[in-house]
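Down below is the structure, laid out as structure tokens.
Positions are given from 1 along the sequence.
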Amino acid sequence: MKQFAYDATNAAGEILSGVVQAESLSDAISQLEAQDLQVKSIRKVIEENNQSPESHWQKRLEKAVARRKEWIPALQALADDLPSGHAKSETKRVYRLLQSNFSASQVLHDTKLSQLLPLLVLGTEDKPSQSRLNAWFAELIRQRAIRHQRRQALVYPIGIILLALGVTALLSIFVVPIFKEMFEEFGLMLPAPTLLLISVSDMFTERWLTTTIVLAIVFSASAFGIYVFKKLALGNFLFGAMLNGTTANLRAMSVLCGNLAELIHIGAPVPDALELAGSHCGNPYYFRSARLTALAVRGGLPIATGSNSARILPSSLLYALEKQPDPEHADTSVEILRELADIYMDRSSRHTDWIAMFFPSAAVVLVGFLIGFVVISLFMPLVTMVSSLA
């Protein structure tokens with residue numbers, strides 16, 4: 001019987017580590033899945049007394065985590081000197097994270113702590129690169145600014161739409177009933193848009209309680225549905241590569257490539273690095289692809305063709321991973337992955353700029369259409385009445 005060390009999560013989301021005995025890798029995975037465990041990483045235990053490569057890179061990360069307090073004074077001084085803004089708040093956030101009590105295992109399995117990987121990996125080097133540190137910190141600040149810009153881009157159009165809906169509701173309650181009485185006195189044949197507007201007015205005036213409850217349920221269900229849809233990446237599972245270019249997917253792929261580069265840089269085997277980086281990206285679709293590709297690689301299959309799931313990952317990423325086992329190309333592989341992370345984040349930033357321009361204009365058009373519909377619906381019967389009198 002062979003021994004396999006594993007990291008897995010149970011139904012409660014707790015991270016478990018241990019060793020399982022099985023005849024093969026697939027048998028070990030089957031045993032763990034039968035226990036309702038979701039395998040994060042699994043590897044054969046090397047029984048020799050020599051230290052395995054797996055434990056070597058993990059020990060390097062443990063040392064880096066132990067040395068993290070060396071960064072705290074510099075970050076504290078930097079936070080004190082910076083003016084109020086994204087840079088200052090991001091520096092304080094990183095400062096608080098470094099001050100918290102965490103282990104190397106938590107860094108590898110916690111999405112929030114995994115953001116510190118580039119900084120911690122720098123701590124494993126004898127002479128940390130100042131340029132890389134500056135680039136990492138600048139990237140964190142840029143990501144914070146992008147998130148703020150995305151929220152700001154949505155606040156304005158959502159505010160306009162809510163204002164327009166509020167005005168429409170007030171018109172439906174106070175103005176439309178007056179027109180309705182006038183139309184009934186003249187016995188006019190009302191067009192379909194006017195009948196629709198009067199029906200909406202009746203909902204707000206005669207059945208206001210039911211209407212309020214229904215609207216609250218609809219808005220709550222829609223918000224929850226959107227949250228679940230994005231959290232579980234259902235769009236990716238339904239439409240596949242068609243949605244790879246969305247802002248959220250580009251950001252997830254940037255995180256995957258960036259952390260994959262850092263893990264490989266400190267010596268993590270490609271399968272382990274793939275699984276861990278996939279779990280960091282926050283996208284279940286890409287995580288599943290990375291995990292299945294890692295399992296195929298452990299089985300001795302080529303990276304690019306070892307699994308159908310590998311086709312979901314960018315070909316440039318697979319090319320970098322194929323280069324990695326060759327010592328002559330190890331540094332090149334890491335640099336390619338870091339470049340990919342920058343490219344994906346830059347594309348995500350451009351999408352955010354497009355959203356900031358598109359949504360306010362779309363909101364104005366929608367509001368204009370809504371107000372125009374109310375005005376036309378109210379005055380169409382009056383125009384018909386005046387024409388008939390003439």
Any donor-acceptor pair under 3.5 Å from [X] side chain to [Y] backbone:
X: Ser349; Y: Met345; result: no
X: Ser114; Y: Thr111; result: yes
X: Arg291; Y: Arg288; result: no
X: Glu181; Y: Ile178; result: no

Can you tell me how far apart [atom1] ([X]) and [atom2] ([Y]) are? Round to the nearest 0.5 Å.
X: His280; Y: Leu108; atom1: NE2; atom2: CG; result: 6.0 Å
X: Ser254; Y: Asn249; atom1: OG; atom2: CG; result: 12.5 Å
X: Leu37; Y: Tyr6; atom1: CG; atom2: OH; result: 6.0 Å
X: Leu321; Y: Ile264; atom1: CG; atom2: CD1; result: 5.0 Å
X: Glu62; Y: Trp57; atom1: CD; atom2: CH2; result: 9.5 Å
X: Leu197; Y: Leu171; atom1: CG; atom2: CG; result: 8.5 Å

Counting C-beta onward and ignoring hydrogens, is there a side-chain heavy-atom pair between [X] and [Y] closer than 4.5 Å?
X: Phe4; Y: Leu32; value: no
X: Leu61; Y: Leu117; value: yes
X: Leu260; Y: Leu274; value: yes
X: His109; Y: Leu276; value: yes

Practice task
Would you kindly say whether Arg93 and Gln115 are connected by a side-chain donor-acceptor distance under 3.5 Å?
Solution key: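 Yes, Gln115 and Arg93 have a side-chain donor paired with an acceptor closer than 3.5 Å.
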Closest non-hydrogen atom pair between [X] and [Y], with its separation:
X: Phe102; Y: Leu97; value: CE2-O, 3.1 Å
X: Leu256; Y: Ala277; value: O-CB, 3.5 Å
X: Ser279; Y: Phe287; value: N-CD1, 3.3 Å
X: Lys180; Y: Ile198; value: CD-CG2, 3.8 Å
X: Pro177; Y: Ser172; value: CD-O, 3.3 Å
X: Phe373; Y: Leu196; value: CZ-CD2, 3.8 Å

So if you build clusters from Ile, Leu, Val, Met, Phe, Trp, Tyr with side-chain heavy-atom gaps below 4.5 Å, do [X] and [Y] land together?
X: Phe239; Y: Val228; answer: yes
X: Leu318; Y: Tyr344; answer: yes
X: Leu382; Y: Ile371; answer: yes
X: Leu195; Y: Val374; answer: yes
X: Tyr285; Y: Leu340; answer: yes

Exercise for the section: Assess whether atom CZ of Arg347 is packed by more than 12 heavy atoms of other residues, nucleotides or ligands within 6.0 Å. Expected result: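 Counting neighbours around CZ of Arg347, 12 or fewer heavy atoms of other residues, nucleotides or ligands fall under 6.0 Å, so no.
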Handout entry: Neighbour count above 12 (heavy atom, 6.0 Å) for Phe237 CZ
Key =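 Count over threshold, so yes.
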Handout entry: Residues Asp346 and Arg350 bridged, charged N to O under 4.0 Å
Key =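 Looking at Arg350 together with Asp346, the answer is yes, because their closest N to O distance falls below 4.0 Å.
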